[in-house]
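What you are looking at is a predicted structure, and each value in this text was computed from that prediction instead of being measured. Along the sequence shown, the residues carry numbers beginning at 1. Heavy atoms only: backbone and side chains are in, while hydrogens, waters and symmetry mates are out.
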Amino acid sequence: MVQQGTEGLFVAIIVLFSLCITLILFFTIFQKKKNVLLLKQAEDKKQFEKEINESQVEIREQILRNISWELHDNIGQLLTLAKIQLQGVAENPENIKEVNDNLTNILSEVRSLSKVINPDFITNINLGDAIQLEIDRFNRLNYIKSTLDIEGEHFDIDPKSEIVIFRILQEFFSNTVKHSRATELNVHLNYADNTISILAEDNGKGFDMTKIHQNGIGLNNMRKRGVLINADISIESKVNEGTKLKIIYNQVQS
């Protein structure tokens, strides 16, 4: 009887010991997985912040390029015209109204440009206003006939996500203006049920989607940045039928 009790106690000790070892192993595996997950989250956050910083730098650089184009292609031409008009006023005083109108246009353009230069203005405007600035610039400089249509009631989204979305659109706009040979660019922005849907399309030369890897890194950058903010990015294009960019972003509710 004593021997059976001793054997039972020994078995219980072994079972308890095995259970402890199993629990320790489970805990060790869980801790390793947790550490891997935390490390991945930290790396993802670091990558996200890096992409945000790069996007901010690229947006600033694009704004500076835009200012340069505005000064050269728009304000510069208006000033040249004003100079020519002033030279003819002495002989034709009735032309003073044209000079006055032109100077009024120049003043208006300078004021518009000063808004873009002001960092507070850029920081405080929403996505729709930022897109409208780009659309207005294209039309003002006669780069391409452009439109922006906004539906739904605006709601604020995470500022960093807004930066990424705007940079994705800038990439598309840049490709359209520089490479597509398009004459029209149309953008539709829709706010609905905490979701922002954007469709940007041009009527340019398009490209073969099966050879998308041959169209530079711009399109890949758009997709990569979409992944960062959990936005669905899709691009459709056909040769001689233009290109479409679709962005769907779901606002995460706190």
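- The distance from the CD atom of E162 to the CD atom of Q251 is 9.5 Å, given to the nearest 0.5 Å.
- For the atom pair F27 CZ and K32 NZ, the distance stands at 12.5 Å (nearest 0.5 Å).
- One finds the CG atom of D193 at 12.5 Å from the CD1 atom of I196 (value rounded to the nearest 0.5 Å).
- Using a 3.5 Å distance cut-off with no hydrogens or angles, the side chains of D202 and T176 do pair a donor with an acceptor.
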Side-chain donor-acceptor contacts of residues 14-26 below 3.5 Å, not counting sequence neighbours, with atom names and distances?
residue, atom, partner, partner atom, Å
S18, OG, I14, O, 2.9
T22, OG1, S18, O, 2.8

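- Residues E98 and I96 form no side-chain contact, since every pair of their non-hydrogen atoms from C-beta on lies 4.5 Å or further apart.
- Put simply, the side chain of I131 does not reach to within 4.5 Å of the side chain of I150, judged on heavy atoms.
- A donor-acceptor pair under 3.5 Å is formed between the side chain of S237 and the backbone N or O of G242.
- Between Y191 and E153, the shortest heavy-atom contact is CB-O, 3.3 Å.
- Under a hydrophobic-cluster definition in which Ile, Leu, Val, Met, Phe, Trp and Tyr are linked whenever side-chain heavy atoms come within less than 4.5 Å, directly or via other members, L199 and V177 are assigned to different clusters.
- Side-chain contact of S180 with N175: a donor-acceptor pair under 3.5 Å is absent, judged by distance alone.
- Cluster membership check: I165 shares its hydrophobic cluster with L148, using side-chain heavy-atom separations under 4.5 Å among Ile, Leu, Val, Met, Phe, Trp and Tyr.
- One N or O on the side chain of N203 and one on the backbone of E184 form a donor-acceptor pair closer than 3.5 Å.
- For the side chain to side chain donor-acceptor pair (under 3.5 Å) test, no residue two or more places apart in sequence or in another chain qualifies with S234.
- Two different hydrophobic clusters hold I248 and I198 under the rule that ILVMFWY side chains link at heavy-atom gaps under 4.5 Å.
- Ring pair F173/F138 is perpendicular by interplanar angle, where above 60° counts as perpendicular and below 30° as parallel.
- There is a path of hydrophobic side-chain contacts, each under 4.5 Å, that joins Y249 to F155.
- Using modelled atom types, one side-chain atom of N139 and one backbone atom of S146 make a donor-acceptor pair closer than 3.5 Å.
- Side-chain N/O atoms of D136 and Q132 include a donor and acceptor closer than 3.5 Å.
- With rounding to the nearest 0.5 Å, the separation of CZ in F172 from CD1 in I247 is 9.5 Å.
- By the criterion of side-chain heavy atoms lying less than 4.5 angstrom apart, applied directly or through intervening Ile, Leu, Val, Met, Phe, Trp or Tyr residues, V110 is grouped together with L79 in one hydrophobic cluster.
- Between M222 atom CE and Q170 atom CD the span is 11.0 Å, to the nearest 0.5 Å.
- From K205, atom NZ reaches atom OG1 of T243 across 9.5 Å, with rounding to the nearest 0.5 Å.
- A salt bridge links K246 with E236: the closest approach of a Lys/Arg side-chain nitrogen to an acidic carboxylate oxygen falls below 4.0 angstrom.
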| task | Assess whether salt bridge (Lys or Arg N to Asp or Glu O under 4.0 Å) is satisfied between E171 and R225, documenting all intermediate values. | result | CA-CA 11 Å; E171 289 262 13; R225 284 172 170 153; 3.2 Å; yes
